[in-house]
Enquirer: 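Handing you this structure, nothing more for now.
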Amino acid sequence: MLEVKHIRAHQSDFIEALKKRNFEAEAVFESILKLDDKRKATQKQLDEILSESNTLSKEIGMLFKSGEKEKANELKAKTAGLKEDSKRLGEEMSQAAAELQALLYQVPNIPHASVPAGKTEEDNQEILREGEVPTLPKNALPHWELAKKYDLIDFELGNKITGAGFPVYKGKGAKLQRALISYFLDKNTQAGYQEVQVPLLVNEASGYGTGQLPDKEGQMYHVGNDDLYLIPTAEVPITNIYRDDLLTEKDLPIQLTGYTPCFRREAGSYGAHVRGLNRLHQFDKVELVNIVKPEDSYQVLDQMVKHVQGLLQELELPYRILRLCGGDLGFTSALTYDFELFSTAQDRWLEISSVSNFETFQANRLKIRYKDAQKKKALVHTLNGSSLALPRVLAGLLENYQTENGILIPKVLQPYTGFDLIA
RNA sequence: GGAGAAAUGGCAGAGUGGUCGAAUGCGGCAGUCUUGAAAACUGUUGAGGGUCACACCUCCGGGGGUUCGAAUCCCUCUUUCUCCGCCA
């Protein structure tokens, strides 16, 4: 959520910048500023009335104490009108505030200067491509065939237990996935992140805090009885750890990593590319979250990109990094780098990580602030990224490491799996 | 799930319906003393809105109510604790 004072100060710049997202901001901004003015003016009137009635109440108290009952009753009569006014103004004010809030929720984050204009993923900017695409054996299979051949993942079983998009991992498939989780968490903690385990269900306030609500309501599973949401990413519970907190400079940076299953309804995204592990309703992911001082955030973003690159290099998987264009950029993000893994057998790129700087957009909703050296309060910057989304890494490993004798296991994972070949 | 108790500032902990944004202690910050540190002493120390800055307004778990006036009374929700039951 943008800050009104920033909209006021940079109105035309913001309008221009939001065009990169194909978001027409002029009218919304005007309404926002108007409502903010109204809110302030109403608040001022209300304050004056409250002030007057506070004074009167005190006088009445004094008069009762000194036994001047009649005078007190006279003053009492005067308060009736004030009460009515304050009630009316109070309602006006909270209505203006609510309308303002609703409008602010509609405005996406201002894209960073380096974000390319564009409408679809076609316009994303490839900034790096690395890793060798292996030459596969003649009869190379896509991962869903491999999963079946070696009995690693059972998709039909998931259908029976739950429904489409909830696979059952078995044997070496399950173990390989567990190995990846441990490997990622170890690498992350070695890089200075603190490991956390967080709830998989969150309340409404948390959903609003990180921006899944209200914009992506339909994408989350909702538990109606208790009005809770299954997390679509660990970003939600982890970032919300610090909701409403006023931190000190010493607390920063905060670097957290956590493994969680993620649940996504993926409403409306059925179609060609959902086979196998490509798109699931439940999947595992290890997440990185950074809470930092504003002046550090872009340096930290680069560090996160380097860190994720390191993982892919160690796994020896071919990947590329994209800078997302305005049209593809997430609602809350100012700058996002997507990592895509090349799925050799499918001959296509699979998104496996998304590393973003939200600047103050989430912090403003979450009310995460800190006191700087001059004891001034300011919103922090939040960042997050996946390290990594498991099923697609698994898909990439199966496909790219397949040989005629079976599927090889990358060296760095062997200590975790305890085997070096799936045959 | 049943019965009871509670929720106050970073923490601990007072608070009779009427200058209570709130005693006191600890912690934090600044200073005095000291070669330095500790101790001791002195001062300072919640958040949001508003203002150039004051003034002023709001906030004592959340929401609602009674009252001229609520941290204090009533209703409701949530959470925590104790006991009982159930249970990974």
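Worth saying up front: this structure is predicted, and the values here are computed from it rather than measured. Note on naming: letters A, B, ... go to the chains in the order of the sequence lines (proteins, then strands), and numbering restarts at 1 for each one. Values below: every heavy atom of this structure, side chains too, minus hydrogens, waters and symmetry copies.
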Enquirer: Does A/L256 reach the side chain of A/I254, with side-chain heavy atoms less than 4.5 Å apart?
Expert: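 The answer is yes, as the side chains (C-beta and beyond) meet within the 4.5 Å cut-off.
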Enquirer: I'd like the P distance from B/rA5 over to B/rA53, given in whole Å.
Expert: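 Each nucleotide's P atom is 50 Å from the other's.
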Enquirer: Could you state the CG-C1' distance from A/N54 to B/rU19, rounded to the nearest angstrom?
Expert: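 For the pair A/N54 CG and B/rU19 C1', the rounded distance is 11 Å.
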Enquirer: Please report the distance, rounded to the nearest Å, between NZ in A/K40 and C1' in B/rG48.
Expert: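 That distance rounds to 14 Å.
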Enquirer: When you get a sec, tell me which of B/rA47, B/rC68, B/rC56 is the closest nucleotide to the side chain of A/L246?
Expert: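 Within the option list, the nearest is B/rA47.
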Enquirer: Strictly by Watson-Crick or wobble contacts shorter than 3.5 Å, is anything paired with B/rA6, and which nucleotide is it?
Expert: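 Matched B/rA6 with B/rU79 under the 3.5 Å cut-off.
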Enquirer: Check the orientation of A/Y208 and A/Y105. Use parallel for under 30°, tilted for 30 to 60°, and perpendicular for over 60°.
Expert: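 Ring orientation of A/Y208 relative to A/Y105: tilted.
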Enquirer: Please name the nucleotide paired to B/rA22 by Watson-Crick or G-U wobble geometry with both distances under 3.5 Å, or report none.
Expert: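 The base-pairing partner of B/rA22, which may sit in any strand shown, does not exist here.
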Enquirer: Among B/rG18, B/rG50, B/rG48, which is the nearest nucleotide to the side chain of A/R369?
Expert: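 Nearest to the side chain of A/R369 among the choices is B/rG48.
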Enquirer: Can you tell me how far C1' of B/rG69 sits from CD of A/E52, to the nearest Å?
Expert: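 Answer to the nearest Å: 15 Å.
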Enquirer: Assign A/I60 to base, sugar-phosphate, or nothing according to its heavy-atom contacts below 4.0 angstrom with the strands shown.
Expert: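 If one applies the 4.0 Å heavy-atom cut-off, A/I60 turns out to touch a base.
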Enquirer: In the strands shown, is B/rU66 matched to any nucleotide by a Watson-Crick or G-U wobble pair with both distances under 3.5 Å, and which?
Expert: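 B/rU66 is unpaired by these criteria.
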Enquirer: In whole angstrom, give me the gap between the C1' atoms of B/rG50 and B/rC60.
Expert: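 Roughly 22 Å separates the two C1' atoms.
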Enquirer: Does some side-chain heavy atom of A/F361 sit less than 4.5 Å from a side-chain heavy atom of A/S356?
Expert: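 In short, these two side chains do not touch, never coming nearer than 4.5 Å.
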Enquirer: Reckon A/K367 touches a base, only the sugar-phosphate, or nothing at all at heavy-atom distances under 4.0 Å?
Expert: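 Contact class for A/K367: none.
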Enquirer: Which residue, A/S387, A/P391, A/S386, forms the side chain to side chain contact (heavy atoms under 4.5 Å, CB included) with A/K285?
Expert: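 Single side chain to side chain contact (heavy atoms under 4.5 Å, CB included) partner of A/K285 among A/S387, A/P391, A/S386: A/S386.
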Enquirer: Please confirm whether the shortest side-chain N or O distance from A/K371 to OP1 or OP2 of B/rA47 is below 4.0 Å.
Expert: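 Yes, within the criterion.
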Enquirer: Once you round it to whole Å, what is the distance between P of B/rG62 and CG of A/D244?
Expert: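 Taking atom P of B/rG62 as the reference, CG of A/D244 is at 12 Å.
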Enquirer: Is the backbone N or O of A/I291 less than 3.5 Å from a side-chain atom of A/Q255, with the two atoms forming a donor-acceptor pair by type?
Expert: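 Absent.
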Enquirer: Round to the nearest Å and state the distance from A/K58 atom NZ to B/rG69 atom P.
Expert: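 So the NZ-P distance, A/K58 to B/rG69, works out to 14 Å.
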Enquirer: Is B/rG85 paired to anything, Watson-Crick or G-U wobble with both distances less than 3.5 Å, and if yes, which nucleotide?
Expert: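 Per the H-bond distance test, none.
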Enquirer: Answer with base, sugar-phosphate or nothing: what part of the nucleic acid does A/N73 contact at a heavy-atom distance below 4.0 Å?
Expert: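 Here A/N73 touches no strand at all.
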Enquirer: Give me the distance, rounded to whole Å, that separates B/rU19 from B/rC41 when you measure between the C1' atoms they each carry.
Expert: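 Roughly 31 Å separates the two C1' atoms.
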Enquirer: In the structure shown, which nucleotide is the Watson-Crick or G-U wobble counterpart of B/rU72, with both distances under 3.5 Å?
Expert: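 When the pairing criteria are applied, nothing turns out to pair with B/rU72, so the answer is none.
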Enquirer: Provide the distance between the two C1' atoms, one in B/rU51 and one in B/rA12, to the nearest whole Å.
Expert: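 My reading of the C1' atoms in B/rU51 and B/rA12 gives 36 Å.
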Enquirer: Indicate yes or no: does A/K34 engage A/D37 in a salt bridge with an N to O separation below 4.0 Å.
Expert: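 Here A/K34 does not pair with A/D37 in a salt bridge, since their nearest N and O are not under 4.0 Å apart.
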Enquirer: Could you measure between the two C1' atoms, the one in B/rG4 and the one in B/rU16, and give it in whole Å?
Expert: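 Looking at atom C1' only, B/rG4 and B/rU16 are 27 Å apart.
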Enquirer: In terms of side-chain heavy atoms of A/K83, which of B/rU67, B/rA47, B/rC56 is nearest?
Expert: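 Selected nucleotide: B/rU67.
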Enquirer: Given atom CE of A/M93 and atom P of B/rG50, what is their separation to the nearest angstrom?
Expert: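 Distance check: A/M93 CE to B/rG50 P gives 11 Å.
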Enquirer: Students often get this wrong, so: under 4.0 angstrom with heavy atoms, is A/S57 touching a base, only sugar-phosphate, or nothing?
Expert: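 Contact class for A/S57: base.
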Enquirer: Suppose you measure atom C1' in B/rG31 against the same atom in B/rU82; what distance do you get, rounded to whole Å?
Expert: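 Their C1' atoms lie roughly 47 Å apart.
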Enquirer: Can you work out whether A/D47 or A/L56 has the more 5'-proximal nearest nucleotide on RNA chain B?
Expert: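 First, find each residue's nearest nucleotide; the 5'-ward one identifies A/D47.
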Enquirer: Between A/K44 (NZ) and B/rG49 (P), how many Å, whole number?
Expert: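 To the nearest whole Å, that distance equals 17 Å.
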Enquirer: Could you measure between the two C1' atoms, the one in B/rG15 and the one in B/rC73, and give it in whole Å?
Expert: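 Going atom to atom, C1' in each nucleotide, I get 16 Å.
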Enquirer: Please give the nucleotide sitting opposite B/rC41 as a Watson-Crick or G-U wobble pair, both distances under 3.5 Å, or none.
Expert: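 Pair assignment: B/rC41 / B/rG31.
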Enquirer: Could you tell me the Watson-Crick or G-U partner of B/rC59, where both distances fall under 3.5 Å? Say none if there is no partner.
Expert: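 With both distances under 3.5 Å, B/rC59 matches B/rG46.
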Enquirer: A/K78 near the nucleic acid: base, sugar-phosphate alone, or nothing, with a heavy-atom cut-off under 4.0 Å?
Expert: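 No contact.
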Enquirer: Does A/L280 reach the side chain of A/L277, with side-chain heavy atoms less than 4.5 Å apart?
Expert: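 Yes, close enough: below the 4.5 Å cut-off.
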Enquirer: Between B/rC56, B/rA47, B/rC68, which nucleotide gets closest to the side-chain atoms of A/K377?
Expert: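 When the side chain of A/K377 is considered, B/rA47 is the closest of B/rC56, B/rA47, B/rC68.
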Enquirer: Say you pick atom C1' in B/rC81 and the same atom in B/rC29; how far apart are they, in whole Å?
Expert: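 Roughly 35 Å separates the two C1' atoms.
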Enquirer: Side chains of A/L152 and A/K172: does their closest heavy-atom pair fall under 4.5 Å?
Expert: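 Result yes, sub-4.5 Å side-chain heavy-atom pair found.
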Enquirer: Roughly how many Å is it from CZ in A/R39 to C1' in B/rU58, rounded to a whole number?
Expert: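 Going from A/R39 (CZ) to B/rU58 (C1'), I get 12 Å.
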Enquirer: Quick check for you: among B/rG18, B/rA47, B/rC57, whose closest atom lies nearest to any side-chain atom of A/F64?
Expert: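 Out of B/rG18, B/rA47, B/rC57, the nucleotide with an atom closest to A/F64's side chain is B/rG18.
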